[in-house]
Every structure is written in structure tokens, then in C-alpha cells.
Q: 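There's a structure below that I have some questions on.
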There are 2 protein chains.
Amino acid sequence: MTTVSAHGARPARDTRQRRAVEAALGRADGFRSAQDIHADLRAAGQRVGLTTVYRALQALADTGSVDTLRADDGENLYRRCGSVSHHHHLVCRGCGLTVEVESTAVERWAEGIAARHGFTEIRHSVEVSGSCTGCARAGSGIR
Amino acid sequence: MTTVSAHGARPARDTRQRRAVEAALGRADGFRSAQDIHADLRAAGQRVGLTTVYRALQALADTGSVDTLRADDGENLYRRCGSVSHHHHLVCRGCGLTVEVESTAVERWAEGIAARHGFTEIRHSVEVSGSCTGCARAGSGIR
DNA sequence: CTGCATGCAAAATGTTTGCACTCTA
DNA sequence: TAGAGTGCAAACATTTTGCATGCAG
């Protein structure tokens, strides 16, 4: 990490495509990949380049206004998230339903073991996935 | 995922390249990517195809004899791990030094919140990274 | 008017697959 | 000897980059 100023990046210019990406992100409930967003926009008649979607999403992530998550297959997923504070996700592998969960317990645990091993500049990622009630009932057509 | 029998896959045939990959994995301390292993072998004079390395690593992962981890940039990392039981990793972003940590606390937390939200078939991934004492001192030439 | 933003095409990455050949069991 | 394992090349999928053009500020 070379002098990265997390969160607060510069404002970013206000363009049609930028707004479109944000809107699409707002419309979605769960996490969406750049490609998903691109398809959504295209389906909605909005013409925005894939490259731009990637750049917009990246910019939003830098700002801290969207949450990032890496799917099991390596795809990057984004989601406009409600709480600004640090939190983790509980995602349904069946339908993508996402619940934001908070846990000072885990945070502390991470800090703790890291410190115990002499590590500094801690960063952690915690993802919990499963099958939500609906999908479990549907017979786990789980990914 | 279609009918995957986690862990105990079939024995796998004993070949030179298979052994080479396992050996390379054993030589390394931290996590290594398929490409890394391939380079290591090649450097050691061992001639093994990249494809084979990928396949061998995948096979080992299926067996459960190696740990898998996804790097920040999406690369898949592997490591021959000591404990067979479930555990997480504390990785140094500077040098790759890895410490295996166990935590029934986190396990329980994950199960708990998942259950609270009606989720079943829970799966979770927890990764903690930071800068180890050595690297911190060296002035965080952190990735 | 300045220069960040856009978008196309091309490049880069990491990983997988088709297929003929090799070698283990 | 049967069939798993190997390896090369080509296919793939996602993301990034070069560069000419467009538009916000």
C-alpha cells in the first residue's frame, strides 16, 4: 500500500453515466458485479461503456460509498451500503440476499490475535454465507 | 457446485510432477500461487507444466491437504497446512509470513448471527492481514 | 478553455479446457 | 493395457490501459 488515503477521495465529476451507475446500484438489493451493472444499465436503455462502469464503481469504492466483496469465483461485487460504519456481510449463496452485520466482538478478536503476534496495520475481512430461509426451502439450488 | 464431495476425494495417481508440486509447497513457508509454484519448480530445474500445477494444487485442495486463500488481487494461494482442523490465517502483507490461528469464538459468532437471520448451510471465511514485526520495522514496503 | 471523464479496442492476468500423447497402477 | 495424468496451445472471463474525443466546471 503506497500512501493510500482510504475513504475520502476527491469529489469526482458529476456525469450522466456516473449517476446511472449509482442509480443502478441503488435499485439492486444485493451485490452486483461490474458486468451485472453494465447489463442492467444496457437493459434499461442507458448506454454506458463497460470501462466506465468499472471506473465509476472503483471510484465509489474509494469514496467509501459502496461496499466491496469478492465472490468465490473472483469477481468483484459492489453494493451501496446503508451503514457507513464498519460491518460485515451475511450473504445467501442462493439468491444473493445480503444482510449487513456488525460485530465489535470480531473486530476486537482480530485486533487481539494480530497484536499477540506482533502484527500492525491490521486489516481484516470476514464473510459469512449460507442459504436463506427462502432458498433453503426451495431445495438449495446453491451456487 | 454440482455434487461435490468435500475433502476425501480419490487417492490420485503418484507422479513425478505431483510430487514436485507437493515438495515445492512443503519448501515454502507462506502462501504461494500456482504461478509461484510453477516458477519455483522451473527455477529448481524441475520441468512441470503450468496446467499441471494448477490441476495438482486443485486436487490437493480437494483432498484437504492444502489450505486455500484468495489474495486481494484475486489470485488463488495455496499452502500446506499443519493443523487439519478448521482455522484462519494471519498473513503479513509484506513478506507473506503466515500464522494459523484458531478461534472457536469466531466460529460461534458466525453460526450465531447466521442462525439469527434464518440462514443455514453456513460457510465463513475470515482473513486477517497486517504487517509483521520485521516488515513494520523495514518501513512497510507493503503490497 | 482546461483537463477530467468517456468509450472503444487492445492488452494483461489468472485460470480452464480440448486433445493427443505418456506413464502409472 | 486401460485410463488417469500431462502439457501445449487456444479459449475464457474479468479487469486494466492507451488514446482520441467529449463534456463538466
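Chain letters run A, B, ... following the sequence lines, proteins first, then strands; residues in each count from 1. The structure presented is a predicted model; accordingly, all values stated were derived computationally and were not measured.
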Q: Is the centre of the B/His124 ring less than 6.0 Å from the centre of the B/His88 ring?
A: yes

Q: Considering every strand and a 4.0 Å limit on heavy-atom distances, what is the contact class for A/Thr15: base, sugar-phosphate, or nothing?
A: sugar-phosphate

Q: Within this structure, what is the OG-CD1 distance for the pair A/Ser129 and B/Ile122, rounded to the nearest 0.5 Å?
A: 7.5 Å

Q: Checking contacts here: which listed nucleotide (D/dT15, C/dG14, C/dG7) is nearest the side-chain heavy atoms of A/Glu75?
A: D/dT15

Q: From the list D/dG5, D/dG25, D/dG7, which nucleotide is the closest neighbour of the side chain of B/Val48?
A: D/dG7

Q: Could you pick out which residue, B/Thr51 or A/Gln17, lies toward the 5' side of DNA chain C when each is mapped onto its nearest nucleotide?
A: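 Comparing both residues, the 5'-ward one is A/Gln17.
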
Q: In whole angstrom, what separates B/Leu57's CG from C/dG14's P?
A: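 My rounded result for the distance is 15 Å.
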
Q: A/Asp73 near the nucleic acid: base, sugar-phosphate alone, or nothing, with a heavy-atom cut-off under 4.0 Å?
A: nothing

Q: Indicate whether OP1 or OP2 belonging to C/dT15 is found under 4.0 Å from a side-chain N or O atom of B/Tyr54.
A: yes

Q: OP1 or OP2 of C/dG7 less than 4.0 angstrom from a side-chain nitrogen or oxygen of A/Arg16, does that happen here?
A: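 Yes, because at least one side-chain N or O of A/Arg16 sits under 4.0 Å from OP1 or OP2 of C/dG7.
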
Q: Using C1' atoms of five pairs at each end, report the bend of the helix from C/dC1-D/dG25 to C/dA25-D/dT1 rounded to 10 degrees.
A: 40°

Q: Roughly, in whole Å, what's the span from CZ in B/Arg47 to C1' in C/dT22?
A: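 For the pair B/Arg47 CZ and C/dT22 C1', the rounded distance is 17 Å.
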
Q: Drop me the distance from A/Leu50's CG to A/Arg42's CZ, to the nearest 0.5 angstrom.
A: 9.0 Å

Q: Looking at every strand, decide which applies to B/Arg70 at a 4.0 Å heavy-atom threshold: base, sugar-phosphate, or nothing.
A: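 If one applies the 4.0 Å heavy-atom cut-off, B/Arg70 turns out to touch nothing in the nucleic acid.
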
Q: Of the nucleotides C/dT6, C/dT24, D/dT15, which has the atom closest to the A/Gln35 side chain?
A: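 Per side-chain heavy atoms of A/Gln35, the pick is D/dT15.
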
Q: Hey, is the side chain of A/Asn76 poking within less than 4.0 Å of OP1 or OP2 on D/dT14, counting only N and O atoms?
A: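 No.
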
Q: Ignoring backbone atoms, test whether A/Arg18 places a side-chain nitrogen or oxygen under 4.0 Å from the OP1 or OP2 oxygen of C/dT6.
A: yes

Q: Whole angstroms only, please: what is the CD-P distance between B/Gln58 and C/dT17?
A: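 Going from CD in B/Gln58 over to P in C/dT17 covers 8 Å.
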
Q: Roughly how far, to the nearest 0.5 Å, is the CD atom of B/Gln46 from the CD1 atom of B/Ile37?
A: 11.5 Å

Q: Nearest whole Å is fine: how far is C/dA5 P from A/Asp62 CG?
A: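 In whole Å, C/dA5 P and A/Asp62 CG are 12 Å from each other.
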
Q: Return the value, rounded to whole Å, for the distance between atom CZ of B/Arg19 and atom C1' of C/dA25.
A: 13 Å

Q: Output the rounded distance in Å from CG (B/Leu41) to P (D/dG7).
A: 10 Å

Q: Which nucleotide in the list D/dA4, C/dA5, D/dT15 gets nearest to the side chain of A/Arg13?
A: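 Within the option list, the nearest is C/dA5.
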
Q: Whether A/Thr52 contacts C/dG7 is assessed here as follows: a side-chain N or O lying under 4.0 Å from the phosphate OP1 or OP2. Is that the case?
A: yes

Q: Quick test of your reading of the model: are A/Asp40 and A/Arg27 salt-bridged, counting only N-O distances below 4.0 Å?
A: no

Q: Does any N or O in the side chain of B/Thr63 come within less than 3.5 Å of the main-chain N or O of B/Ala59, such that one atom is a donor and the other an acceptor?
A: yes

Q: Can you check whether A/His89 and A/Phe31 have ring centres sitting under 6.0 Å from each other?
A: yes

Q: Rounded to whole Å, how long is the line connecting atom CG of B/Leu50 with atom P of D/dA10?
A: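 Distance check: B/Leu50 CG to D/dA10 P gives 16 Å.
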
Q: Distance check needed: C/dG3 C1' versus A/Asp14 CG, whole Å only.
A: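 Rounded to whole Å, this separation is 17 Å.
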
Q: Mind listing the closest non-hydrogen atom pair of A/Arg18 and A/Ala56 along with its distance?
A: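 Result for this residue pair: CD-CB, 4.3 Å.
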
Q: Have a look at B/Arg55 and say if it touches a base, only the backbone sugar-phosphate, or nothing, with a 4.0 Å heavy-atom cut-off.
A: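 Contact class for B/Arg55: base.
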
